[in-house]
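First the structure, in the form of structure tokens, and then the observations on it.
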Amino acid sequence: MKWPSALILPVFLGGCLAPSFQDNPHLTGSVPGRGAATGSPAEVTANGTGRGESPETVVIRHQGASLLEGDALLGMVDEEALAEELPDVETLEDNFLLSGVAEDPPEDEGETVRADEIFFDFPVVENEKVHYYVDYFTGTARPVFTRWLERSGRYLPMMRQIFAEEGVPQDLVYLAMVESGFNNRAYSWAHAVGPWQFIASTGKMYGMDSDWWRDERRDFEKATRAAARFLRDLHVRFDGDWYLAVASYNAGPGKLQRAIQMYETRDFWEISRHSYLAAETKNYLPKLLAVLLIAKEPEKYGFVDVAFQDPVAFDTVVLPTATDLEIVARFAEVPYEEVKNLNPELKRWCSPPYLRNYELRLPAGAKEKFERRYALLPERERANYKMHQVKKGDTLLAIASRYDIRVDDILSLNKVSNPRSLRIGQDLILPLHQGLSRLPLEELKDDHARSVRKTTYTVRKGDTLSQIARKYGVSEKELRSLNKLGNKSLIRTGQALTVVQGRSSTGAVAGTSQGPTNGAARPAEKRLTYQVQPGDSLWKIANRHGVTTHQLREWNRLPPKHTLQPGQKLSIVAQAGDEKQGKRRIVYQVRPGDTLWDISRRFDVATREIMDWNNLGNSDVLRPGDKLTLLVQNEKKG
């Protein structure tokens, strides 16, 4: 976060960092446009002006000179294999609803009346804006909002207790629904993270650290306590006015203070009728009020069969030194993902190497068996992997010798496709013990999904709505809704359309690796409609069309456990250039000694492609005689 010089000077003279709210120390960012850049250049606004570096670490770095050994370049990790995976469909849908791009609330709130039918410990009123969002969440947004209600059962009891301890109205816990939909993986385009959407600088002010190994802003307990204290501080700053405190949580207290001075009023509704605040801030409080009305009486609004998740329950254990979470899960006899879900601040495969006596959550009832087994594990065997960043003078042989491991194991675990170009700054995962797993390599990737934001697209000659929608990763219906176009409305050259940025043409978050990143032109795409036949599965359909099951789920927004029905229609985006490029489908029979890396080298494809084509998981083992489907160039022979 970039602080104005007027603030930096007294901070350094005082010898300590005292929290100050002169400008925006919090940037939730789950909805774009926050805090439009209408203030001074030094102001930290939600559109990113003045924010600090991204809290996320870019893992694959290829700056600097190549490392030479004689005339040969050493091995380089396959960038495509290490590219960030597409986030899950639920998070993408959450972020789209959180972004507000499909909203069209009234400009004026109309008559405002107090809602007295049920008890709130936060002042709740109703007006036209609030009613708009009640209709929106119970109508168009109902499927996603239902999921948010379901998730709320997991976190609300814990959050209410923390807010009560901090002296903050317990109903304000629902602000986490407006911020993230109770999704710990929520990550905005402005680098705000976690259920309460803190940026790194504000998180630091409230005791939350973030680095490559962990991000405490994602921890549901730590972030909730920080949010409660931040809201309490804002409440004090704005002389006990909760509406102004909530609005400043979104826009930043400095911006809201300037709005008060500009319009000479402390009435939020009066301020929101003027142009200084961003539309997102004007709509932020009405959204919260609508959420509170629905959440207090879900049955009244048609949410009668909500499958609320059970409240989170866990035991806490202490890890004296860095420990692989795979080992923790095995000793506790629980799934690895369950350990990760209970400890969302952990971004990698183990507890942070620099932290001793790290407190880790385990599912309730698993503590005793874990501690009994863990006590017998020698310290040297607690961490099976080490991250090594390549430095000048490193060679694969030198690295292997230093850690007493085999070069082949480094190559295999890191999917090194060409052992001739290691580069300075590149990260390698080193297997310190026997028994390789792909998990650490996968955990190099961050698992967040960015939110989206609005921008303007000028229609060009030959454009169609479907082409523009596909380019920005939305449906044609969503694009028409954004621009208030009827089903028969036509677009014209030069027309300005509102579109969203942040999703790629497959529904993925912009910035994730979807293919060539060197500026090479992509093959032309054509969209097919496939009708599901009896006996079909996602894998069979994906295999038949040369795509992955993951792509099919993304293109058709299918949830993870979706069951196909005969007659169902699926959209498939085919690369029109495959036939022209001479690709063909073959079946390869695994031979003794084969590994995925060997086969990928032989046919010049990525190991991840082989896994996707054949629905292989990270723990699957190849056996001689297994048959693999491959999409290869015509000249390749098996």
Side-chain angles (χ1 to χ4, degrees), residues 151 153-155 157-159 161-162 165 184-185 194-195 207-209 211-225 309-388 403-406 409 413 429-444 447 617-621:
R151 284 194 200 127
R154 178 174 172 84
Y155 300 111
M158 173 270 298
M159 289 181 169
Q161 180 180 339
I162 290 175
E165 292 170 357
N184 295 317
R185 292 179 57 191
M208 294 184 292
D209 292 325
D211 56 33
W212 193 80
W213 292 97
R214 66 170 180 160
D215 192 335
E216 291 183 301
R217 296 171 295 165
R218 295 169 28 139
D219 185 276
F220 42 81
E221 277 192 297
K222 296 174 183 177
T224 297
R225 192 162 302 275
Q309 296 180 11
D310 293 332
V312 61
F314 55 84
D315 294 328
T316 301
V317 298
V318 176
L319 303 179
T321 59
T323 303
D324 290 347
L325 299 184
E326 280 184 296
I327 293 175
V328 172
R330 187 168 72 249
F331 283 3
E333 296 182 7
V334 297
Y336 175 86
E337 284 304 321
E338 195 167 348
V339 176
K340 290 284 286 188
N341 288 339
L342 282 173
N343 299 274
E345 74 171 50
L346 294 179
K347 297 160 63 179
R348 310 303 165 193
W349 64 90
C350 69
S351 60
Y354 54 84
L355 285 182
R356 290 189 170 272
N357 299 320
Y358 181 81
E359 292 189 358
L360 184 84
R361 300 188 189 100
L362 288 179
K367 179 177 181 177
E368 184 179 347
K369 68 179 71 172
F370 166 78
E371 290 183 334
R372 185 175 65 250
R373 295 168 177 173
Y374 188 73
L376 302 175
L377 183 69
E379 181 177 339
R380 66 180 182 278
E381 296 180 16
R382 293 172 184 166
N384 289 316
Y385 308 92
K386 180 178 179 63
M387 188 188 76
H388 176 85
Y403 294 99
D404 194 24
I405 56 180
R406 300 187 311 164
D409 287 343
L413 183 60
I429 298 298
L430 306 181
L432 304 182
H433 305 290
Q434 292 293 323
L436 300 180
S437 167
R438 296 288 184 196
L439 208 56
L441 191 67
E442 292 189 347
E443 297 276 20
L444 283 174
D447 60 359
N618 293 312
S619 58
D620 289 337
V621 177

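Please read all numbers here as calculations on a predicted model, not as lab measurements. Residue indices begin at 1 and follow the sequence shown.
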Checklist entry - So Trp213 and Leu355, side-chain contact (heavy atoms from CB on, under 4.5 Å) or not? Walk me through it. => result CA-CA 10 Å; Trp213 292 97; Leu355 285 182; over 6 Å; no
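Side-chain contact of Thr224 with Tyr155: a donor-acceptor pair under 3.5 Å is absent, judged by distance alone.
Judged by distance alone, the side chain of Lys340 and the main-chain N or O of Leu346 form a donor-acceptor pair under 3.5 Å. Remark: side-chain polar atoms of Arg361 are paired, donor with acceptor, to backbone N or O of Leu342 under 3.5 angstrom. Between the side chain of Thr323 and the backbone N or O of Thr321 there is at least one donor-acceptor pair closer than 3.5 Å. Looking only at distances, no side-chain donor or acceptor of Asp324 sits under 3.5 Å from a matching main-chain atom of Cys350.
Note that CZ of Arg348 and CZ of Arg214 are 13.5 Å apart. Values are rounded to the nearest 0.5 Å. In this structure, Leu319 CG and Phe370 CZ are separated by 5.0 Å, a value rounded to the nearest 0.5 Å. Atoms CG and OH, on Leu325 and Tyr336 in that order, are 5.0 Å from each other to the nearest 0.5 Å. Between atom CZ of residue Arg373 and atom CD of residue Glu371 there is a gap of 12.5 Å, rounded to the nearest 0.5 Å. Considering NZ of Lys222 and CZ of Arg217, their distance stands at 13.0 Å, rounded to 0.5 Å. From Glu381, atom CD reaches atom CG of Leu376 across 11.0 Å, with rounding to the nearest 0.5 Å.
Remark: Asp310 CG is loosely packed, at most 12 non-hydrogen atoms of other residues, nucleotides or ligands lying under 6.0 Å away.
Smallest separation of non-hydrogen atoms from Glu216 and Gly207: OE1-O, 3.6 Å. The minimum heavy-atom distance between Glu221 and Ile162, with the atom names listed, is O-CD1, 3.8 Å. Between Ala322 and Pro353 the shortest heavy-atom distance is CB-CA, 3.6 Å. Scanning all heavy atoms of the two residues, the minimum distance from Pro363 to Asp315 falls at O-OD2, 3.9 Å.
The cationic group of Arg382 does not satisfy the cation-pi geometry with Tyr358, failing either the under 6.0 Å distance to the six-membered ring centre or the 45° limit from the ring axis.
Side-chain contact check for Arg225 versus Glu165: some heavy-atom pair is nearer than 4.5 Å.
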